[in-house]
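One structure is given below, encoded as structure tokens.
In what follows, chains are A, B, ... by sequence order, proteins preceding strands, each numbered from 1.
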Amino acid sequence: MSEQSNSNGYIIECQDVNKWFGEFHVLKDINIKVKEREVVVVIGPSGSGKSTLIRCINRLEEHQEGKIVVDGIELSNDLKNINAIRRETGMVFQSFNLFPHLTVMQNITLAQRYVRRRPRRDAEDMARQLLQRVGIPEQANKYPGQLSGGQQQRVAIARALAMQPKIMLFDEPTSALDPEMIKEVLDVMKELARSGMTMLVVTHEMGFAREVADRVIFMDSGRIVEIGTPEHFFENPSHERTKLFLSQIL
Amino acid sequence: MSEAYHRPDETFYIAPKEPPPSRRPPALTIGPAGWLRKNLFSSVRNTLITVITVGLMAAFFYELVTWSVAKAEWNVVNNTMRLMMVGLYPVDQIWRIELMAVLLVFLSGLGLGVWGGNARGFFIIALMIIIAALFIPIGAERIEPPPIRFLITPTDAIGPVVFVGDKDDTVRLLVEPIDDNAIANETSPFVGFIENSPGSSSSRALWNNAKAQVVAGTLDLTNYNLQLTVQLLDRSGKVLDEQLSTPAQRTVNFEFKLPADGWYYVQVLRDETGEAIYETVDGIQLPIAPARTLPNTGYAWIRINGVETMSSQVADVEQRTKTYGEVPAVQCPSAAECRRLLLEENTRFEGARSFSAFLKTQLDPFLQEIIVSLIVGFAVMLAAYSIGNFAKQSRNPSSKKAVSRVTIIGWIIFFPLSWILLSGFKDPDSVHPFLRLPEVAQSLWGGLILTIVLTFVSLTVAFPIGVLLALGRRSKLPIISIFCILFIEVVRGVPLITILFMAKFIVPYFAKSMSDTELLIRLLVGLTLFTAAYNAEIIRGGLQIIPKGQIEASQALGLNPFATNVFIVLPQALRAVIPAMMSQSVSLFKDTTLVSIVGLFEFLGMIELIVNGQQIYRPYQREAYLFVGVIYFIISYIMSSLSRRLEESGAGTVRKMRKA
């Protein structure tokens, strides 16, 4: 099965995914296919279900109908599958969700050591490399509470990358940041995109979408309204809802 | 200069080139005076509150300290120290408890040194306590004892009054007859003394009786005479001096210099001859007291002055026998019986005592009891603290790591090791000779050590159970969560004493196999389950404040639920509930007193046993309970200040986490 999916070249496949919160229908017939090394940006008004969508992909939310296949593994209630998928997908949250009781170094090495079973020395080497890569090598022994928001989010990215995931999920990574810190995080994400990481990004940063995205998905009221290249999407949107949305934010 | 200080309320203004020099703030706003003004006397109302509160506190402490120094008889504490601390633990095995205490102190010192702040203050205080302990007790002067007096009535002369004296002490004996006026006018002849046994034959009862008769007019002392022999005897019963009180010479007053250290006693003999007393005048014997025509004794005080310690200071008797030998057998079949009588019939000193007398008679014996432990304890503490702090400050980080590892392992080993040390082995020959400790039955454990065992065992065992219950209560599996909720709510809904009664009476009834288990174990199980239920609720509170994002982040990294709990949720939740857990621990420490109701004599129970069960200590309940209170307070205070340290310092604490 894994070979079959990989031969398609799609690393994430969602087929007719539906989800409800109680009676509320959040996701309606979602169909997405993401290729390896592709950067897909999901935009849409708040409450449109975009965060829920990417949270379904690593099973932080459970979908009720349809099929989600990640890296050839179908998401089911089988804990083994879920953990296998989570090992392959890194996630970055809006509110960072760093572990406040651990130092930056411990934040980055914890999962490496207990999930990947990496020796401590290797895990720390990896952490130092990644901190270098996100531009804050000197903060390794501080606690998250001692860092600025932008630094915290970069640590969160480094923490996710330390697991060497095939896919990175970003859930509004810059929404909780002060304006002057957004850039430092976006720079890291751009660098990551250029390095060939498969990325699924929920964001309101249109500049980022335009510059980096291979495709843009626009969602509204739980359904996908439009999928297209950034050029098509920003220059020449087809759907009325998309035009309205863009006119409001640009 | 003056134009340099243009006020900026002018429409146009340019500041002078030179900034004005900095001035000092107004004198009354800084320093101690400023602090006082700001915090204690900021307004009329606050001033009033300050004055009233300080006044009340001062009055309370003044009373407490005056009473403790001038009146309290602390020897009840000194004499029963061993019982209070270790109960009936065999004397020749107490070293095991001492070893345990030394270990405990050592580990605490090590921990404080490695993890605590650079507590120079602590270091200095510890040093000061050691030095003070070395120097305090000695050098107090001899005490001028209050005069003691006993009532002699028409029907009763006093029994022997026993006291100890040192060589060259001058004893003054004074027999002072009293008449109706004296009885009617003297309101409280016993100021300074309370009687130990308020029996009908006590001096106070006799006095009250006499007074009642005088007031009622049924007693007329006018015609009473007094005919007594007052004798001073040494321990062997040899009369050292005696004097006769006759109707002619009713007041007897004589002094005697004691020949040696030792026990002495005063004895008053009634003239039982019934014969007339004659005086020879010009060769003719004249009867000056008719034979038994009137009762031959009246009321009189006998006062005894000048001996350092009177038998009245009962609790000292134990101490005295060590120095002066056994109580003399005076009018009683044996020395032991005499001692018992002496102890039971004596009166309690209630007069004011000088501070030097307090040092000599109260503090000195107390310090003699504790000085060795005090010095050893603080010395071990200091040594351990120094090691820990040295390792902490050393440039080589691995030495700190090594010492903290030793400390942690030490604490882990400490609990089972202490249990083995305390209880020993049923069959000591079967183990390594090094560990050949004879068994000490748990029924012999008592006093403070039992309190500590109860507290620490139930705390350490209850902690993991509490964590499991808290996690179980939040479990998604309904069976597990229902079981946990049921357990927690049932245990929390029942008073601790009920649980202890169940452990004592009901458990053996249901589970026959448990009936052989020692009571201590069963009570420990009860205390542990009780604490676990409370801990579970506290920990659940901590779990609830962990943001969902933490769990999601952990899951997203691929950590399984177990690892998420162990590495992410619990460390944060437990840190957050340290204050609540610690107050629960302190409260458990105090709740252990309840086991005395079901038959184990822990600290408070032991004290109750001493002051209620032992007649000689019955007058000293106040002292004993105050001592218990102080000890409980000290230990509770140490526990809660440790928890504050735990909260405030150390890696990744709540405070550091929030310092965003």
Side-chain angles (χ1 to χ4, degrees), chain A residues 51 54-55 57-61 79-80 82-104 106-117 141-149 151-152 155-156 159-165 167-169 171 176, chain B residues 115 392 395 397-398 400-401 404-405 467 475-477 480 539 541-579 581 646-660:
Chain A
S51 281
I54 74 164
R55 287 161 62 85
I57 289 170
N58 68 352
R59 197 55 168 216
L60 290 181
E61 303 286 354
L79 207 64
K80 231 162 130 191
I82 295 174
N83 281 337
I85 287 174
R86 282 176 178 166
R87 244 173 280 149
E88 301 307 329
T89 52
M91 180 140 188
V92 176
F93 298 87
Q94 178 179 355
S95 50
F96 327 139
N97 293 346
L98 291 178
F99 306 130
H101 60 300
L102 302 177
T103 61
V104 166
Q106 289 165 334
N107 261 282
I108 302 177
T109 53
L110 177 72
Q112 294 187 63
R113 293 180 60 193
Y114 289 95
V115 180
R116 288 273 188 233
R117 301 274 163 211
N141 293 317
K142 288 196 181 161
Y143 285 91
Q146 297 166 304
L147 304 182
S148 73
Q151 289 171 328
Q152 288 193 44
V155 172
R159 177 176 73 178
L161 288 175
M163 297 297 286
Q164 293 173 312
I167 305 158
M168 285 287 283
L169 307 173
D171 186 3
Chain B
W115 298 311
K392 180 187 173 188
R395 277 192 212 131
S398 67
K400 182 189 175 182
K401 204 167 276 178
S404 20
R405 196 162 291 170
V467 170
S475 165
K476 283 184 190 128
L477 303 173
I480 290 184
I539 295 168
L543 293 176
Q544 274 166 349
I545 64 161
I546 304 302
K548 207 158 173 278
Q550 291 289 310
I551 298 161
E552 287 178 351
S554 172
Q555 288 175 343
L557 284 169
L559 289 155
N560 59 30
F562 175 77
T564 301
N565 274 326
V566 170
F567 296 118
I568 308 301
V569 177
L570 283 176
Q572 296 185 54
L574 294 180
R575 271 196 185 108
V577 298
I578 285 173
M581 291 280 279
L646 216 59
E647 274 167 60
E648 287 170 4
S649 62
T653 55
V654 175
R655 196 185 55 161
K656 249 185 200 163
M657 276 155 43
R658 292 197 184 134
K659 204 171 69 184

Donor-acceptor pair, side chain of A:His101 and main chain of B:Ala573, under 3.5 angstrom
no
[X] versus chain B, heavy atoms under 4.5 Å apart: side chain, backbone, both or neither?
| X | result |
| --- | --- |
| A:Phe99 | both |
| A:Leu169 | neither |
| A:Arg55 | side chain |

Would you list the atom pairs, donor with acceptor, under 3.5 Å between side chains in residues 553-561 of chain B and any protein atom, with sequence neighbours excluded?
residue  : atom : partner  : partner atom : Å
B:Ser554 : OG   : B:Thr564 : OG1          : 2.9
B:Asn560 : OD1  : B:Phe562 : N            : 3.3
B:Asn560 : OD1  : B:Ala563 : N            : 2.7

Just how far is it from atom CD of B:Glu552 to atom CG of A:Asn58, taken to the nearest 0.5 Å?
9.0 Å
As an exercise, state the distance from CG of A:Asn97 to CD1 of B:Ile551, rounded to the nearest 0.5 Å.
10.0 Å
